Amino acid sequence: MTTLDGLKTPCIPNWCPGCGNLSLWAAFKNAAVEEGWDNTNAAMVAGIGCHGHILNFTKMCSFEGLHGRPIPVATGIKMANHDLNVFVFTGDGDCLGEGGNHLIHACRRNHDITVILHDNQLYALTTGQTSPATPQGIKTKSTPAGNPDIPFMPLTLALASGATFIARAYAGDIPKLTELMIKANDHKGFSFIDVLQPCVTFNKDFTHEFFQENTYYLGNDYDSTNKEKAFKKSMDFGEKQIPLGIFYQEDKPSCESQIAQLKEKVLVEHSPVRENLNTLFKKYT
Ligand SMILES: Cc1ncc(C[n+]2csc(CCOP(=O)(O)OP(=O)(O)O)c2C)c(N)n1
Ligand code: SF4
């Protein structure tokens, strides 16, 4: 049985007081306790950034990849043992900048993993520079006169790239985020949650107050199977009109479910076939 105590590590969280990472972490631990995720059945992978520290504070099998590379590590883990629940924790710089290429191809291939985007709209660990999610005009350390670039809309990008579960959450609403994490993991295919995660130290525009005032939940009348509507909704981001919840969900075979070698049993349980390298070179060159 997974317990909150069992998920503790000797490390004390060093995120700034009020940082959205703290409540995101709480939501993940609650979900783990509810679903029984632990070292025997789950793996966490993170990129480099403040978000990546989550691995130090959660006792679960984990791997911190190079900056921008948590998704390929996670897809490798899922391929090797598709019985595992695999979670990626990534920042907007990590996922949309350095790792943008990995994101779009993992969406396209519909790998059965859950990607949790800690979206604080800037590079936080390196003290507040513009990221590919920083809105145009916002002043940051690297763009003191205002960001001249048009940002990616993470959900629109994931949807266009083929992701089959797309949602947005606000880190401060722990119960809703917990629920979304569980639904995303239950979904058989690529799940992407854009978590609005205030960086209280470096982002003075997108604060907890801002998100509390300007977000709303998609209602029961919203049809999350309609891709066209999901595209339109995914582009809404303005005063009083930032939607939260599940934007789109579609049943489609995951990458792992279509690979013949994975049908009988997980890859790690196959015995390795030992071959002579010289023979292989002769055969294939
Ligand atoms: C290849 C590479 N480029 C740059 C860096 C420096 N670097 C470390 S963290 C970071 C930004 C992290 O921003 P983000 O992914 O948004 O995460 P956050 O800190 O906001 O959680 C950068 C540029 C690095 N470690 N490796
Ligand atoms: S710098 Fe920002 S993202 Fe990093 S721990 Fe502090 S508040 Fe959180």
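In each ligand, atom 1 is the first atom listed, and ligand 1 is the first ligand listed. Only a predicted model underlies this, so the values are computations on that prediction, with no experimental measurement involved.
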Between atom 4 (Fe) of ligand 2 and C50, is there an N, O or S atom separated by less than 2.8 Å?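 Checking atom 4 (Fe) of ligand 2 against C50, an N, O or S atom does fall under 2.8 Å.
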Heavy-atom pairs closer than 4.0 Å: do any link ligand 1 to the side chain of [X], the backbone, both, or neither?
X: N120; answer: side chain
X: T126; answer: side chain
X: H67; answer: side chain

Among T114, D112, T164, D251, whose side-chain hydrogen bond (donor to acceptor under 3.5 Å, both in side chains) with H187 holds?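 Among the candidates, only T164 passes.
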Name the residue from H111, K78, H82 that meets the side-chain hydrogen bond (donor to acceptor under 3.5 Å, both in side chains) definition with E256.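 Going through H111, K78, H82 one by one, the side-chain hydrogen bond (donor to acceptor under 3.5 Å, both in side chains) with E256 is satisfied by H111 alone.
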Should the pair K183-D186 be classified as a salt bridge under the 4.0 Å nitrogen-to-oxygen rule?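 Salt bridge absent between K183 and D186.
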Should D223 and K229 count as an ion pair when the cut-off is N to O under 4.0 Å?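 Salt bridge: no.
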Against heavy atoms of [X], which atoms of ligand 2 measure under 4.0 Å?
X: V200; answer: 7 (S)
X: F202; answer: 1 (S)
X: T201; answer: 6 (Fe), 7 (S)

Parallel, tilted or perpendicular: which one describes the rings of W15 and W25, with boundaries at 30° and 60°?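 Taking W25 first and then W15, their aromatic rings stand perpendicular (interplane angle over 60°).
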Heavy-atom side-chain proximity of [X] to [Y] below 4.5 angstrom:
X: H208; Y: V200; result: yes
X: K233; Y: L218; result: yes
X: Q197; Y: D119; result: no

What residue and atom, counting heavy atoms only, is the protein's closest point to [atom], and at what distance?
atom: atom 5 (S) of ligand 2; result: C16 N, 3.4 Å
atom: atom 16 (O) of ligand 1; result: G93 N, 2.9 Å
atom: atom 17 (O) of ligand 1; result: H51 ND1, 3.1 Å
atom: atom 3 (S) of ligand 2; result: A124 CB, 3.5 Å
atom: atom 8 (Fe) of ligand 2; result: C19 SG, 2.3 Å

In this structure, does ligand 1 have an atom that sits under 4.0 Å from one of the heavy atoms of L66?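 Checking ligand 1 against L66, which is what was asked, there is no heavy-atom contact under 4.0 Å.
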I'd like to check which ligand 1 atoms, numbered from 1 as shown, lie under 4.0 Å from a non-hydrogen atom of [X].
X: L125; answer: 9 (S), 19 (O)
X: D94; answer: 14 (P), 15 (O)
X: L122; answer: 16 (O), 20 (O)
X: C50; answer: 18 (P), 19 (O), 21 (O)

Taking NZ in K263 as the centre, count heavy atoms belonging to other residues, nucleotides or ligands within less than 6.0 Å. Is the count above 12?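 Atom NZ in K263 is packed in, count exceeds 12.
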At under 4.0 Å between heavy atoms, is it the side chain or the backbone of N120 that contacts ligand 2, or both, or neither?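 Answer for N120: side chain.
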How about C199: does one of its N, O or S atoms come closer than 2.8 Å to atom 6 (Fe) of ligand 2?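 False for C199.
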Is K240 close enough and on-axis enough to Y216, meaning under 6.0 Å and within 45°, for cation-pi?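 That pair does not qualify as a cation-pi contact.
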Kindly indicate, with the supporting measurements, whether the criterion ring-ring contact (aromatic ring centres under 6.0 Å, His included) is fulfilled by F87 and F28. CA-CA 10 Å; F87 301 93; F28 180 70; 5.1 Å; yes
Is the shortest N/O to N/O distance between A124 and ligand 1 below 3.5 Å?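 For ligand 1, there is an N or O atom that lies under 3.5 Å from one belonging to A124.
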Do F231 and Y248 make the cut of ring centroids closer than 6.0 angstrom?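 For F231 and Y248, the ring centres are not under 6.0 Å apart.
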